[in-house]
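From a predicted model like this one, the values you see are computed outputs, not experimental measurements. In each ligand, atom 1 is the first atom listed, and ligand 1 is the first ligand listed.
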Amino acid sequence: MSNATIRIDPAFIIGALNRRIFGTFVEHMGRCVYTGIYEPEHATADEFGFRGDVADLVRELGPTLVRYPGGNFVSNYRWEDGVGAKADRPTVLDLAWRSIETNQVGTDDFLAWCARMEIEPMMAVNLGTRGLAAAIELVQYVNSPTGTAVADRRAANGFEKPHDVRLWCLGNEMDGPWQIGHQTATEYARLAEETAKAMHRIDPGLELVACGSSNRAMPTFGEWERVVLERCFEHVDHISAHAYYEPHDGDLQSFLASGEDMQRFISSVVATADHVAALQRSEKRITVSFDEWNVWYQQRFNGENSIEVQHAPRLIEDVYTVLDAVVVGDLLITLINNTDRVAVACQAQLANIIAPIMTEPDGPAWRQTIFHPFALAARHASGTVLRPAVSTPSVDTAALGRVPALTTAVTVDLATGRGTVLLANRHLTDELEVVVDLSALGVIELLEHVYLADDDPHASNTAADPERVVPQPGSARISGGLLEFTAPAVSWHCIRFTIPAT
Ligand code: AHR
């Protein structure tokens, strides 16, 4: 047994917890929309055709923001096909996922769902097959007051009031050769700059996200961000980052350290953005929109060209394990600890497609293992993120070298008098004896300790056994300001306590 100690001091602050970190992603892909969040024939469907059982689970999951409509899908999407009377909407072939798109869900339907669910939408414009003109029209359709033809069209479609979407992505993964309309950094930078300028003419207050790299293994990583930001620096607020993690060659220990990879990714993007700021003699700070992240067993996916053309195919419906949930929990810890430079983060995706929520058509909806760390973090992390002093054993990984075995994120909310410790033991075999010194926070009482771990780290939830993996009550105790517990190998913890409120 090894020991880890954590010291918390309220004076050491990373920043206010940015709640947009708890974002999710709905793409027109596979069964995320159709038979995922939307299924008019389902017994629980509301008057708009959206599933009530899924809506209940989404509320429990607690995302604050949702990115839409893609993803790769957006790069060949005609938004006009998805508005107006449903009977008149065309059925088309989506080239991103070789799927039949019926357009029964589109911009208005989705944004109205977001409003009902009280989740902030984040939209993307198509800079693949389309570009400036379609982006300008879409932004006006979504955000402009009536009085112009395009905004009046929205009103005629039943939405008199603008949807007022503040956050927009300038395309998606334009660095990726798989993207419809893939571009070089120079080509994209120019298009993004002009699109951003035009979008700001419509609404100077829009927050814009330039495409960064699709992952940090891309050959253009780093250079892409520099070229794009040199051109777009004054016109955008955020640069995107995407990362999906899976074990390679059965190397679970490196996989468990995925949070370290994400940290290095964020640090590199921030350094590049700040380098461009220095070159431009600017005090402006570009932040990261980590608008796609998750565990995804990409090795099981045979590529877009292998997809048999159909409507709502069963694509990348990964079934997650306890170990995957610990990785997801650790990735959330990384995102929270970067609250000062990560402005947005979206777990990809929300339903069925590499998702926390699974559904069967005309059947049940249930929580995957990865649902739990997200829901716990989104519900309980609040207030201010503190920078803990951590003394932990390390663990050797083939992919990332020596990394900390324990990671933690700590928040305190003086308004509510609540504090939360999120903690992962990334070690594949060794448990950790953990002591968290909370004494500098004042009088403390333990509220709850729950954790994810299992004798079988490969256990998962299924339609037949949807509650196989749920958070377990833990045995943490607090005495004299010291919180103590044992963190089993491959475990993720959420510990809540009271502090004196101000
Ligand atoms: O989330 C699935 C896909 O992964 C998205 O469409 C794309 O942006 C990324 O490559």
Side-chain angles (χ1 to χ4, degrees), residues 23-34 36-37 63 65-77 93-99 101 105 110 122-129 168-183 188 192 209-221 224 228 238-246 258 262 265 288-307 312-318 320 324 328 331 344-358 368 370 374:
T24 184
F25 177 33
V26 167
E27 177 167 7
H28 282 249
M29 174 181 180
R31 298 194 309 114
C32 186
V33 173
Y34 303 110
I37 61 170
L65 174 137
V66 54
R67 181 168 175 254
Y68 177 86
N72 296 344
F73 173 82
V74 79
S75 294
N76 77 141
Y77 181 49
L93 174 65
D94 158 43
L95 299 182
W97 304 110
R98 282 172 48 83
S99 300
E101 172 57 55
V105 173
F110 183 75
M122 175 191 198
M123 298 275 292
V125 298
N126 174 354
L127 294 189
T129 57
W168 291 80
C169 304
L170 300 166
N172 175 70
E173 292 190 351
M174 299 309 294
D175 63 325
W178 57 85
Q179 199 69 211
I180 304 292
H182 162 232
Q183 291 150 23
Y188 171 71
V209 185
C211 285
S213 293
S214 304
N215 60 71
R216 80 177 183 111
M218 294 297 288
T220 49
F221 173 58
W224 174 280
V228 169
H238 317 292
I239 180 105
S240 73
H242 291 180
Y244 292 103
Y245 297 100
E246 66 186 315
S258 297
M262 179 186 256
F265 194 172
V288 178
S289 176
F290 219 117
D291 45 46
E292 286 186 36
W293 67 269
N294 206 350
V295 171
W296 174 6
Y297 286 78
Q298 282 184 276
Q299 285 158 58
R300 296 176 193 157
F301 178 54
N302 294 325
E304 296 80 359
N305 288 338
S306 70
I307 300 168
R314 286 185 185 262
L315 286 183
I316 62 167
E317 299 195 0
D318 285 358
Y320 291 113
D324 296 329
V328 162
L331 292 168
V344 171
C346 303
Q347 189 184 37
Q349 298 186 7
L350 180 60
N352 293 322
I353 295 270
I354 46 172
I357 297 171
M358 294 300 288
Q368 291 236 55
I370 64 167
F374 191 107

- Donor-acceptor pair, side chain of Gln349 and main chain of Glu292, under 3.5 angstrom: no
- Among Asn72, Asn215, Val74, which one satisfies side-chain contact (heavy atoms from CB on, under 4.5 Å) with Glu173? Asn72
- Quick one, list the residues around ligand 1 where some non-hydrogen atom comes in under 4.0 Å, by chain and residue number. Phe25, Glu27, Met29, Gly71, Asn72, Trp97, Asn172, Glu173, Tyr244, Glu292, Trp296, Gln349
- Between Tyr68 and His28, is a side chain to side chain donor-acceptor pair (under 3.5 Å) present by the stated rule, with each step listed? CA-CA 8 Å; Tyr68 177 86; His28 282 249; 2.7 Å; yes
- Pair Arg31 + Glu317: basic N to acidic O under 4.0 Å: yes
- Please walk me through it: do Gln347 and Thr24 pass side chain to side chain donor-acceptor pair (under 3.5 Å)? CA-CA 5 Å; Gln347 189 184 37; Thr24 184; 5.6 Å; no
- Quick one: does NZ or CZ of Arg67 land under 6.0 Å from the six-membered ring centre of Phe25, within 45 degrees of the ring axis? yes
